[in-house]
Q: 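Sharing a structure below in structure tokens format, with a few things to ask.
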Amino acid sequence: MNLSEILGDLNDKQSQSVILDNNKNALILAGAGSGKTRVLTHRIAYLVTQNSVNTDSILAVTFTNKAALEMRERLSLLLRRPIRSMWVGTFHGISHRMLRTHHIEANLSSQFQILDAQDQFRIIKRLMKENQIDETKYPVKKIQWFINQQKDEGVRPKDIDAGYNYFVKQSVKVFELYEGHCASNDLIDFAELLLRSYDLLKLNSDLLSHYQERFQHILVDEFQDTNTIQYKWIKLLSSKQNRVFCVGDDDQSIYGWRGAKIDNIHKLEKDFTPIQTIRLEQNYRSTGNILSASNALITNNKSRLGKSLWTDSGDGEKIDVYEARTEIDESDYVVSSIQTLLNDNIMARNCAILYRSNAQSRAFEERLIKYNIPYIIYGGLRFFERAEIKDAMCYLRLIENSSDNVAFERIVNFPTRGIGNATIEKIREFAANNGTNLFQSSVSIISSLPTRAANSLDGFVKLIENMRDASQNLNLSEKVALLIKDSGLIYHFSNDKTDKAGSKKENLEELIATAKRYIHDEESDLSETLGFISQATLDSSGGDDNTNTNKCVQLMTIHSAKGLEFPYVFLAGMEEDLFPSRQSKDEPRLIDEERRLCYVGMTRAMKKLTLSYAIKRFLHGQSIYAYPSRFIDEIPQHYKNSIKQKFGLSENDYKSNNSKNQNIFPESDSQLSVGANVKHAKFGYGTVLNFEGKGDSTRVQIKFKKAGTKWLISSYANLEFV
DNA sequence: ACAATAGGGATTTTT
DNA sequence: TCCCTATTGT
């Protein structure tokens, strides 16, 4: 690969960044849609092919697994070879890798487990209960938040002076208890991965210099999102001999509330000298109007590094601003606009509805169902966070490592097998007194238990032991298949009446497939199973079935849309107190972040952007009158096209429409049952998987033979039973 | 052990 | 309003 191939399709600024002097650090201020991933990957390709930098000497850090994966893929395409051994990963993934390799120096066993947010919550809650700390006064969520916040700042309990603040005092107490618990149980939470790997390097100068010498080039993506400990981690790894190359955009910093320090990007220029700053301002995504409007909006923020996006692709259409009467009206406007696009053969996946808070998705969902437009809502529980999947994973964990107390607690009596609280309390007590784990403790106390409890507990112990023996010679996916069956999970969820659609059972089956797909890193210090378990915690998004999503309109929060782009974007709920949110309105710092969020939302749009707001909105059980968002006013009028006229059906039309439809699907319809076969005019034949609600608002989930699985409102769907 | 019921809270969530 | 949790009753 030669230089012109690497620089071939890059603009001046991009090329400059890629071939930047090796003796300088770099800050690439990459605006939205300016090709930052391209610069990052081409920079690496340049170093490897033109500067003979060994791939082992490169460390590339991202925030999300998705970004890391994308970088890997693009790199192996560019370099035309696999880059398996290269250190490309998330902050957490890289930290994890270091801790596994140097677990002894990090004061961890080789089998340490990673806690996800749920596990962490459970532990904190139990610790508080055991120590009589009143949950109503000190909500677990808040304490958990406090602890994570401190860790993100690199702060340990001993560093905190609570003064006279009772909340902080209690939080620190729980923090200490929690730290003790994690230490004695070999547990690491997300924040701890970073903090501990930081300490590891800080306290072991040999290790530190090893990595400093090894990583000649450290590249960081989305630098504006780094928190204090991440910044310190990078700073620690940097040295006289190596160079950092940071890419970021201060205008797209939207995770300040999670500890991201926008100021890190400012500090960079002081802490990492000599440094060269390059601005990528040419945008390849949006039309001129969208960019100018976004630029105008973001100018209202103070203390920016300053950047102004431009494009040579023409002005495009103005931004539509729709004033709706209510959120129903709003969703009707948006969805009928989408319908119009679909009629023009625009693909559904090219349309996105973005909003500030998840609660806003409902109105759109209902309208999309009415129009029979396929959609997908992002957000909510991810695959590995689902209860049934966590249950199964905990069986896997306990089979693999009987000292995993977190797993033990979760599944000892699930599915229920007659092991009550009293028994579990005895197990805990014995374990605490004898310095052993819960599983071992169970084995020890069985003989001292009343017959009934003893039998139940004995059954559980034997179950785990048998599964362990039986899975000895099985591969990962066979192991998973065995466990979801023998544990009784499949049986339990097959009979779960609350899960009419059987999706939990399906998820468990999907877990087998996910295990099958798992590719184990041969160089890893972990067994295949432990590798799978760690990966599941570090990347909880697995298992999702993306086959139909490209036919769907996409609904998500603006936060989730960061890094994505769509030809047609609808930014909904542009109202004061919703966006910017009420909780942010009193603090200029928070308002600025809301404004950046709005900027991120607007710059997702490629061809056409539509903003909408409702005068009256039903929220939290009551109607609220709202003012249009200040952000709308901050966009100069000549980029906007205001639409105030009522679109589509009038209120009366709705009424007549509804009453007309009421007869189509009588309330007392006894034919509607799971498994019933139906025919739909457009989607053809299908089977009812699930339904909810009554009368007019009944929603039915149907698996169509050809059209896939859909939720429909029965009063609109006009179903025929066959 | 589970279902029914009452009460409280309701941005955003990369790992 | 809706959803999640904790409590209560069978």
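From a predicted model like this one, the values you see are computed outputs, not experimental measurements. By convention in this document, chain letters (A, B, ...) are assigned in the order of the sequence lines, proteins followed by strands, and residues within each chain are numbered from 1.
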Q: Are L449(A) and L457(A) side-chain neighbours, meaning at least one heavy-atom pair lies under 4.5 Å?
A: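 Yes, side chains in contact.
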Q: Salt bridge (Lys or Arg N to Asp or Glu O under 4.0 Å): which pairs involve residues 406-415 of chain A, sequence neighbours left out?
A: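 Listed by first then second residue: R126(A)-E409(A), D391(A)-R410(A), E409(A)-R428(A).
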Q: Between S534(A) and R100(A), do the side chains contain a donor N or O and an acceptor N or O under 3.5 Å apart?
A: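 On atom types as modelled, these side chains qualify, holding a pair under 3.5 Å.
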Q: Between P on dT15(B) and NZ on K151(A), what's the gap in Å once rounded to a whole number?
A: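 It is 18 Å, rounded to the nearest whole Å.
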Q: For this output row, return yes or no: ring centroids of F460(A) and F408(A) closer than 6.0 angstrom.
A: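 Centroid distance F460(A)-F408(A): below 6.0 Å, so yes.
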Q: Summarise how protein sits on nucleotides 6-14 of chain B as a single string, 5' to 3': B when a protein heavy atom is under 4.0 Å from the base, S for sugar-phosphate-only contact, - for no contact.
A: ----BBBBB
Q: Please measure how far the P atom in dT13(B) lies from the corresponding atom in dC4(C), and state the result in whole Å.
A: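 Going atom to atom, P in each nucleotide, I get 15 Å.
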Q: Counting the atoms with a prime plus P, OP1 and OP2 as sugar-phosphate, which does K125(A) contact under 4.0 Å by heavy atoms, base, sugar-phosphate, or nothing?
A: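 Sugar-phosphate only.
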Q: Contact boundaries of DNA chain C with chain A (under 4.0 Å, heavy atoms), 5' to 3'?
A: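 Span of nucleotides near chain A: dT1(C) to dA6(C).
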Q: Please walk me through it: do Q230(A) and D225(A) pass side chain to side chain donor-acceptor pair (under 3.5 Å)?
A: CA-CA 9 Å; Q230(A) 286 159 341; D225(A) 287 339; over 6 Å; no
Q: Would you call T226(A) and F63(A) a side-chain contact if the rule is heavy atoms closer than 4.5 Å?
A: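 Answer yes - side chains close enough.
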Q: Can you name the nearest heavy-atom pair linking Q118(A) to K390(A), along with the distance?
A: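 The pair with the smallest heavy-atom distance is OE1-CD, 3.4 Å.
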Q: Measure up the H92(A) and F190(A) rings against each other and bin them: parallel (under 30°), tilted (30 to 60°), perpendicular (over 60°).
A: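 Aromatic pair H92(A)/F190(A) classed perpendicular.
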Q: Please list, chain by chain and in numerical order, all residues satisfying ring-ring contact (aromatic ring centres under 6.0 Å, His included) with Y613(A), sequence neighbours excluded.
A: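 Expected list: none.
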Q: L69(A) has an atom CG; how far is it from atom P of dT15(B), in whole Å?
A: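 Checked: the CG to P distance equals 12 Å.
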Q: In whole Å, I'd like the distance from the NE2 atom of H492(A) to the P atom of dA1(B).
A: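 After rounding, the reported distance stands at 12 Å.
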Q: Quick check on contacts: within residues 410-422 of chain A, what sits under 4.0 Å from DNA chain B by heavy-atom distance?
A: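 Nucleic-acid contacts, sorted: N413(A), T416(A), G418(A).
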Q: Mind checking the C1' distance from dT5(C) to dT12(B)? Whole angstroms is fine.
A: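 Here dT5(C) and dT12(B) have their C1' atoms 22 Å from each other.
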Q: Could I get the full list of salt bridge (Lys or Arg N to Asp or Glu O under 4.0 Å) partners for R596(A), not counting sequence neighbours?
A: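 Salt bridge (Lys or Arg N to Asp or Glu O under 4.0 Å) list for R596(A), sorted by chain: E593(A).
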Q: For this output row, return yes or no: ring centroids of H559(A) and Y255(A) closer than 6.0 angstrom.
A: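 Between Y255(A) and H559(A), which both carry aromatic rings, the centre distance is below 6.0 Å.
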